[in-house]
Each structure stands twice: as C-alpha cells, then as structure tokens.
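Heads up: the structure comes next, in structure tokens.
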Amino acid sequence: MATMMKDWLATNIGSSGWLLLAPLLAAYAPRGLPQMYFNLHLRRHVRRLLPFLDPFITIDIVSKPDSYNDRIKSSDAYEEVKAYLSAGCSRDARELRAEGALEGDGFVLSLREGQEVADEFQGVTVWWSSVLPEEDRFAMMRVRCIRLTFHQQHRDLIVDNYLPHVRQSGRNVMVRNRRRRLYTNKTSLDYCSSRHEVWSYIDFKHPTTFDTLAMHPDKKRRIMDDLDDFRNNKDYYDCIGKAWKRGYLLYGPPGTGKSTMIAAMANYLNYDIYDVELTMVHNNNDLRKLLIETAGKSIIVIEDIDCSLDLSGQRRGSDDLPVHSNKPEVNDNRRKRTSKVTLSGLLNFIDGIWSAHNDKQIIVLTTNFVDKLDAALIRHGRMDLHIEMSYCCYEAFLTLAKNYLGVDEHPLFDTIKELLQAVEITPANVAECLMRSERTDHGADACLRRLINELKKKAVEMEKDMVKVEEEAAAMPNGKGDVAGTGLMGDDGTDTSYDGNTDEDDLFIHG
Ligand SMILES: Nc1ncnc2c1ncn2[C@@H]1O[C@H](COP(=O)(O)OP(=O)(O)OP(=O)(O)O)[C@@H](O)[C@H]1O
Ligand SMILES: [Mg+2]
C-alpha cells in the first residue's frame, strides 16, 4: 500500500509527471522569469512539497552480486532479512518465490517482485516489498533487493531498533534451519579461492553428547562449565582485550574418547567443526588462508598433532633426515616434511594476529603423546585447558552401561568396580565388551561377564608386564628405566606414561 502510494508519487511528481503541477505553480512564478529559471524555480518548489506529499522513507537491502564470493559480509543483511520475512510476514503474501534451501530438503520462501507485506513493530507498521534494483549496473550482476518502507516520523525507531531486531531474528532463523557442518581442508589452495574452494564439507551428524560421554562426572561438569563460560562471556573477552577464542588440548591413550569429546563439544555448543589435515597443507601461507576462510561459532580441530608435523624436530632445528632409512619413524618424518608448515606458522594459526578475525572459535589439539609437543604449542593462553582423557573409571563405566545396556545397577557392578580400580582399560575397550550380540539373548548379564573376563585378562597381563619391567630395571646399573614399557620417558629418565589417575589437578594442568 505504502509503496504503491510512493510509486505513484514518484511517477507523477518525481519525474516528468511534475509538469502536471506546472500550470498551478506557474501562477505563482515571478513575472518575466526566463523559461530555464522558471523550470528550476518550479522544481525547487516541487521538491519542497514532496515530504508533505510523500512522507514515506524507503531503505533498500540488496543481495550480494551472484558473482561475488561468500566473504563479502555486507550480503549477510540481505540473507538475514530474507530469513526473517520467510519465517514471519511472508505468510501474508499471495505470490511467493520458493528456492531450495541450502540445508536440508525444505524451501526458503521469499516475496515475488512487486509483492508487499506489512509488519508491525512496537505499534508501528512498516512494509516490505521485493523489487528489482533500479540501477542498470546491477542488472548484469543479478542483484536482488528487498525494500523497507515506513513513515518518516518513525525513522529513529526503525533504524535504531527495528532493523537490528530484524537482523537478529533472521540470524536466529538461519541458525535454527541450519545443519551443522564438518569441514575438511582440500589439497590445493589458490590465492583467490573462497570458502567453498578451500574447505569441503558434509553434514555433521555425530550422535555423541556429554550425556553419553563416559567420563568422571566432576571432570565432565568442569569442561561443560568452561564451555559455558566461554560462549557467554563476550564482554569479558572484550574487557581483557583477548580474542574470543579458547584452546583445548586433549591428550591420552588411543580409545579414551578424544575424538568423541570433540563431537560432544560441537553438539553442546551447536558449532561447526573444521578438521584440519595438517599434512595436506603445503605451507604457512596456505594454513593462514584456511584460517581466514573459517567462520565463527566453530571448532577447529587438529587431531594427532604430534603425528601431523615434526614439531619437536623443527623447534630444535634438527638436520635433514637421511634420504633412505629402514626405520619407519624416519620415513614417517620425511612424509611430514613434505609439508612446509612450521611450528611458528602453526603458533600463528592458533593465536596470531589473523586468528582474531572470527569470534567464538575453539581450537582443539589432540595427541596420544603430550610430552612430544613443543612447550610453546601448549603453553598458557594458547591451549587454555589441558584435558587428560584417561582410562575408564567406575563412574565412566556407569555411563557406558547405561548407554549400551540400559542398566543403572546390577549385581555384577561391584566386581567390575573393584577390577577397574586395578586395571587400565580404555572406554573404547569397555564399550566393545558391552556391545556383544549376546545381549539380545541373555540381557546385560552376558556383556558384563565378558567385561569381567576382559578385565581379569588385562589384570594378568599387567601383572606379567610389571614383573618383566621390574626385572629389567633391576638389571640396569643405575636402576632407571622405562618403567611401564610405554616408550614415554621424560628427559630425566622418569616415567611419563599415563597413570589413569582421575585426580582433578592432574586433569587440568591449567585453565
Ligand atoms: N569417553 C568415552 N565415552 C564414550 N565412548 C567412548 C569414550 N571413549 C571411547 N569411546 C568409544 O570408543 C570409540 C573410539 O573413541 P575415540 O575415537 O573417541 O578415541 P580417541 O581417544 O580419539 O582415540 P585415538 O587416540 O586413537 O584417536 C568411540 O567411537 C566410542 O564409541
Ligand atoms: Mg581420535
């Protein structure tokens, strides 16, 4: 309605139609004025009259040109307005356009050109319409335009309150409709490539949550609290002048749930995951490029960081490796060296000046061998929280029993509790025992007995290992040795293997 009136005024007064008023105004024109001055004089009067005749203001929100890539943030406003209208006011429109939604099988409805819908905000009515942009230069680039029309007396309310409200609501709609994504980096990056070109993705559909994650409940609570503090404290990060980011180091033996924890975090926060395969990144520049093309509200993951790069070697500036070697670890190192990413490039990726371009980003590094990592990589402020993923404790077992067998208690639980205090077994191993198919035939009993057998078997193995190690240690002149036979040894010869301890001070080195 408002736009129709406005269009009428534009056609009949704003352009050639102003001549309709010419005879009227000519009567008031000063006598003897040359024709050219008369026209100017007339136009000035018409322009002054316009606000009285047309008190409506329009604001055009234009889409990005189709040829632009998705780095142009100004396009976000158009998408947000579209989402806002699609969810609400387009219900009143009679003629709609349906585009296949980027996510899922649904459609995004928007207004067809020329259609108009009304919206109300704090008692004020505004009108939205879809129009073709007036300027020809846009036509080649297929830019779409949504026009907002409102009375000039509400200008402040609309600009200061309504438009931000529309954007925020539109963003919420987009988040609600959106499926989360699991990205991974592509091999070759070109300098001009955009997000689609450096990352490929699939829908992220991991079912793990913190409820199903097997871990001591106190430890789990502290991690969840830390995540909550992170996502809710933008003001705090601004106040202390720190980029709104957080780093987590997850370390522990294979099968203790590091990858599972990342999925639980992503589900908890509703974030996307960028899984960086470092060995495929050619150099520091490509790494930076990848970072720039990530979006906020995401978790950047580098799994098995100790295997991805020869970080310790680079830190110490070690010599080139021999060209041929029979040792597998040497060949493995040579493979890592094909990537020219350096430790310093990685450190900059994590918290360099470029890393602050996105808010709400979490970086997670995982490793089986925390002692192999350079101190700079995991220092305070870079990896804010160190989380040890340890062997299965009784509390973690209870979660797995609930997940896999649906039982909260069972007469065999006491035996299992006792064994778990003495035996190191990973949650993955426990889960495997509880997944046995006998469950369907014999209920939880068969699975729990299988677990008990597994635990007893491990207890015997551990006993044997201990005897062997003690014998070896006794045979060494200085009595020092790799006690658990894990290959993890501190510089001073002390054993640095995982002890499965769930003492909180051990779990949270800092943070
Ligand atoms: N803490 C846990 N809670 C629930 N399930 C777990 C847990 N740990 C392991 N699992 C189960 O074991 C499987 C392997 O776990 P996951 O891949 O997370 O281990 P990881 O620590 O990442 O191992 P790796 O070091 O080899 O990458 C998971 O698919 C899951 O089913
Ligand atoms: Mg893993």
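Residues: numbered from 1 along the sequence shown. We use all heavy atoms of the structure for the numbers below, so side chains are in, but hydrogens, waters and symmetry mates are not. Numbering of ligands and ligand atoms starts at 1, following listing order.
Backbone and side-chain nitrogen or oxygen atoms of Glu303 are examined, and none is located within less than 3.5 angstrom of a nitrogen or oxygen of ligand 1. For ligand 1, the polar-atom distance check against Met215 finds no nitrogen or oxygen pair separated by under 3.5 Å. Residue Asp304 has no N or O atom closer than 3.5 Å to an N or O atom of ligand 1.
Contacts between Pro254 and ligand 1, counted as non-hydrogen atom pairs separated by less than 4.0 Å, involve both the backbone and the side chain. With a 4.0 Å cut-off on non-hydrogen atoms, Tyr404 touches ligand 1 through its side chain and not its backbone. Contact annotation: for Asn368 versus ligand 1, heavy atoms closer than 4.0 Å belong to the side chain alone.
Closest of all the heavy-atom pairs between Phe349 and Ile363 is O-CD1, 4.3 Å.
Among protein heavy atoms, the minimum distance from atom 4 (C) of ligand 1 is reached at Ala214 N, 3.5 Å. In this structure, the protein non-hydrogen atom closest to atom 5 (N) of ligand 1 is Leu400 CD2, 4.1 Å. Protein heavy atom nearest atom 18 (O) of ligand 1, with residue, atom name and distance: Thr260 OG1, 2.5 Å. Residue, atom and distance of the protein heavy atom nearest to atom 23 (O) of ligand 1 are Gly255 N, 2.9 Å. Counting only heavy atoms of the protein, atom 11 (C) of ligand 1 lies nearest to Ala428 CA, 4.0 Å.
Rounding to the nearest 0.5 Å places CG of Leu412 at 4.5 Å from CD1 of Ile452.
Taking 4.0 Å as the cut-off, Thr426 does not count as a neighbour of ligand 1 on heavy-atom distance.
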